[in-house]
Novice: 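Can you keep this structure in mind? I'll have questions shortly.
For the single chain, residues carry numbers from 1 onward in sequence order.
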Amino acid sequence: MASKNPESNSNKAHFSRGAMYEKLAGETSTRLSATALSYLPLSSYTSTSRILDSACGPGIVSKLLLSPSPEYVSVSNLPINPPPQVTGIDLSEPMIEQYNINKDALGWATAEGRVQDSQDLTAFSDDTIDAVVMSLGIFSLPDAVVGVREMHRVLKPGGHAVVTTWKSRRPIEILRRAANSIRPGAGEITDVDPKWLTSEHLAAVMVEGGFEPGSVQLSEADPNWRLESLDDLLEGMNSPMWTAQYCKGWTQEESARWTDAVYKQLTEEERATSTLGMVAHVCVAQKNV
């Protein structure tokens with residue numbers, strides 16, 4: 001098995017974060033987002049309905065709302081027809097660049113993407129949005145309660161907010177163990193505060209942000225990370241999306257050991273199926289009428 005040098009990959013000067021995320025995590029995020037959207041009253045939306053795709057990334061939620069779903073997704077009333085008005089916002093310029101590339105390529109005539117903080121929705125008036133969808137973004141907000149208050153404010157009475165967070169992520173476990181096996185302590189990186197891995201914290205934030213406890217519903221989804229082959233899996237784990245965090249400042253000798261270290265952390269089933277388990281929390285909250 002040939003080893004690859006993650007440090008050389010992470011030092012590439014030009015790559016699109018949005019395109020990279022979509023390539024590596026797009027299918028997993030699409031499955032999770034489709035599950036989240038299935039809890040919305042999709043058949044009730046019309047061409048005048050307004051949906052906010054908050055922390056939209058490259059537009060995975062918008063793509064499900066406005067374009068035909070991939071073969072691995074089967075959710076009734078997706079895409080929505082006639083298409084609603086969709087606004088995608090993200091604080092990352094590269095993500096919005098990719099969003100707008102997808103918008104133009106796929107002909108989303110009723111969508112717009114803009115660089116904007118998901119915690120500050122002052123660009124939207126009170127009681128004007130039919131649904132707010134935030135998939136895997138709430139844990140990145142400096143003050144999540146403020147962000148939820150903003151969701152609640154802009155929603156129409158009876159409107160819905162759908163929010164997802166991770167419960168468990170096998171890829172992160174493997175990356176941490178692989179990094180620690182090469183350089184002890186290198187894997188002790190916290191990209192998500194552990195409290196966000198609990199449904200209790202997610203529900204508490206939604207309630208503190210203004211939703212009534214009885215209107216907050218929780219469920220789980222297992223979108224998993226599935227690749228075509230073991231080689232694809234190892235290549236994915238060698239992406240700058242991961243190695244820029246875990247292999248920063250490594251020597252050439254340390255970097256050369258990365259792929260083998262990742263391989264050793266995989267179970268036989270994971271090697272055979274090229275699939276790593278991932279479980280997410282899905283929270284649906286409705287604003288009181």
Side-chain angles (χ1 to χ4, degrees), residues 28-42 44-45 49-57 60-62 64-65 75 84 86-92 116-169 190-223 278-289:
T28 299
S29 186
T30 296
R31 279 195 293 268
L32 174 56
S33 297
T35 298
L37 290 173
S38 72
Y39 291 101
L40 291 176
L42 298 172
S44 71
Y45 298 143
S49 299
R50 299 182 66 192
I51 299 177
L52 178 60
D53 184 358
S54 187
C56 64
I60 287 168
V61 167
S62 295
L64 285 165
L65 293 169
V75 174
V86 178
T87 303
I89 63 171
D90 201 293
L91 200 56
S92 167
Q116 184 176 323
D117 187 351
S118 293
Q119 188 173 298
D120 179 6
L121 303 182
T122 51
F124 301 91
S125 301
D126 296 0
D127 306 328
T128 55
I129 304 296
D130 294 276
V132 178
V133 184
M134 179 180 263
S135 190
L136 304 176
I138 193 168
F139 46 74
S140 67
L141 298 180
D143 190 329
V145 172
V146 171
V148 174
R149 285 178 184 150
E150 280 289 88
M151 290 184 204
H152 188 271
R153 178 184 64 79
V154 303
L155 279 173
K156 295 177 181 178
H160 295 80
V162 184
V163 178
T164 66
T165 66
W166 289 120
K167 178 180 180 180
S168 63
R169 300 173 294 164
T190 302
D191 62 329
V192 176
D193 189 322
K195 66 188 178 185
W196 280 111
L197 304 179
T198 70
S199 60
E200 292 81 3
H201 181 70
L202 175 57
V205 168
M206 298 300 288
V207 170
E208 191 173 352
F211 292 95
E212 294 295 326
S215 77
V216 177
Q217 305 297 320
L218 293 159
S219 60
E220 292 185 4
D222 55 350
M278 304 186 80
V279 180
H281 299 294
V282 180
C283 179
V284 184
Q286 185 175 21
K287 184 174 178 176
N288 282 353
V289 177

Novice: What is the distance from atom NE2 of His160 to atom CD of Gln286, rounded to the nearest 0.5 Å?
Specialist: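 With rounding to 0.5 Å, NE2 (His160) is 3.5 Å from CD (Gln286).
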Novice: Which pair of heavy atoms, one from Pro84 and one from Ser49, lies closest together, and at what distance?
Specialist: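 That would be CB-O, 3.5 Å.
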Novice: Does the Ser33 side chain pair with the main chain of Ser29, one donor and one acceptor, at a distance under 3.5 Å?
Specialist: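 Here the side-chain-to-backbone pair exists.
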Novice: Please find the pair of heavy atoms, one from Asp120 and one from Gln116, that lie closest to each other, and give the distance.
Specialist: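 Nearest heavy atoms, Asp120 then Gln116: O-NE2, 3.2 Å.
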Novice: Please check if the side chain of Gln119 supplies one atom and the backbone of Gly147 the other of a donor-acceptor pair under 3.5 Å.
Specialist: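 Answer holds: no.
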Novice: Considering all heavy atoms of both residues, which atom of Lys195 and which atom of His201 are nearest to each other, and what is their separation?
Specialist: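 Closest approach of Lys195 to His201, heavy atoms only: O-CB, 3.2 Å.
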Novice: About how many Å separate SG of Cys283 and OH of Tyr39, when rounded to the nearest 0.5 Å?
Specialist: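 Nearest 0.5 Å value for the OH-SG distance: 11.0 Å.
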Novice: Report yes if some heavy atom in the side chain of Asp126 is under 4.5 Å from a heavy atom in the side chain of Val154; otherwise report no.
Specialist: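 SC-SC contact between Asp126 and Val154 ruled out.
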Novice: For the residue pair Leu218 and Ser199, what are the closest heavy atoms and their distance?
Specialist: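 Leu218 and Ser199 have their closest heavy atoms at CD1-O, 3.9 Å.
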Novice: Between Thr35 (side chain) and Arg31 (backbone), is there a donor-acceptor pair under 3.5 Å?
Specialist: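 At least one qualifying donor-acceptor pair exists.
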Novice: Show the nearest heavy-atom pair for residues Gly209 and His152, with the distance to one decimal.
Specialist: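 Nearest pair, atom of Gly209 first, then His152: O-CB, 3.8 Å.
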Novice: I want to check something: taking the side chain as every heavy atom from C-beta on, are Val163 and Leu202 in contact at a cut-off of under 4.5 Å?
Specialist: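 Yes, close enough: below the 4.5 Å cut-off.
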Novice: Side chains of Asp53 and Asp90: closer than 4.5 Å at any heavy-atom pair?
Specialist: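 Of all side-chain heavy-atom pairs linking Asp90 with Asp53, none is under 4.5 Å.
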Novice: Write down the atom of Ala34, the atom of Leu64, and the distance for their closest heavy-atom approach.
Specialist: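 The answer is N-CD1, 3.5 Å.
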Novice: Quick one: does Asp143's side chain have a donor or acceptor within less than 3.5 Å of a partner on Val146's backbone?
Specialist: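 Present.
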Novice: Do Asp130 side-chain atoms and Arg50 backbone N/O form a donor-acceptor pair below 3.5 Å?
Specialist: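 Yes; judged by distance alone, with no hydrogens or angles, the pair exists.
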Novice: Rounded at 0.5 Å granularity, tell me how far OG1 in Thr128 sits from CG in Leu155.
Specialist: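 It is 8.5 Å, given to the nearest 0.5 Å.
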Novice: Please tell me if the side chains of Met134 and Leu141 come closer than 4.5 Å, counting only heavy atoms from C-beta onward.
Specialist: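 Side-chain contact under 4.5 Å: yes.
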Novice: Find out whether Glu220 and Val279 are in side-chain contact, i.e. whether some heavy atom of one side chain is under 4.5 Å from a heavy atom of the other.
Specialist: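 Sidechains of Val279 and Glu220: in contact.
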Novice: Using the side-chain contact (heavy atoms from CB on, under 4.5 Å) rule, take Thr165 and Ile138 through it: C-alpha gap first, then chi angles, then the decisive distance, then the call.
Specialist: CA-CA 7 Å; Thr165 66; Ile138 193 168; 3.5 Å; yes
Novice: Okay, side chain of Ser118, backbone of Ala55: is any donor-acceptor separation there less than 3.5 Å?
Specialist: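 Yes, the answer is positive, given that a donor and an acceptor are paired below the 3.5 Å cut-off.
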Novice: So, do Arg153 and Leu121 sit near enough that their side-chain heavy atoms are less than 4.5 Å apart?
Specialist: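 Arg153 vs Leu121: side chains touch.
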Novice: Less than 4.5 Å apart, side chain to side chain, heavy atoms only: is that true for Leu37 and Leu65?
Specialist: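 Yes; the side chains approach each other to less than 4.5 Å.
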Novice: Going by an N to O cut-off under 4.0 Å, is there a salt bridge joining Lys167 and Asp222?
Specialist: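 Result for this pair is no, no salt bridge flagged.
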Novice: Could you state the interatomic distance from NE2 (His281) to OG1 (Thr164), rounded to the nearest 0.5 Å?
Specialist: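 Reported value, rounded in 0.5 Å steps: 10.5 Å.
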Novice: Just wondering, do Gln217 and Val282 contact through their side chains at under 4.5 Å, heavy atoms?
Specialist: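 Heavy-atom side-chain distance check fails, nothing below 4.5 Å.
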Novice: Once rounded to the nearest 0.5 Å, what's the spacing between atom CG of Leu32 and atom CH2 of Trp166?
Specialist: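 It is 5.5 Å, given to the nearest 0.5 Å.
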Novice: Kindly compute the distance separating OG (Ser140) from CG (Leu91), expressed to the nearest 0.5 Å.
Specialist: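 Result: 8.5 Å between the selected atoms.
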Novice: Let's go through Thr87 and Ile89 carefully: what are the C-alpha distance in whole Å and the side-chain angles of both, what is the deciding distance for side-chain contact (heavy atoms from CB on, under 4.5 Å) to 0.1 Å, and is it a yes or a no?
Specialist: CA-CA 6 Å; Thr87 303; Ile89 63 171; 4.0 Å; yes
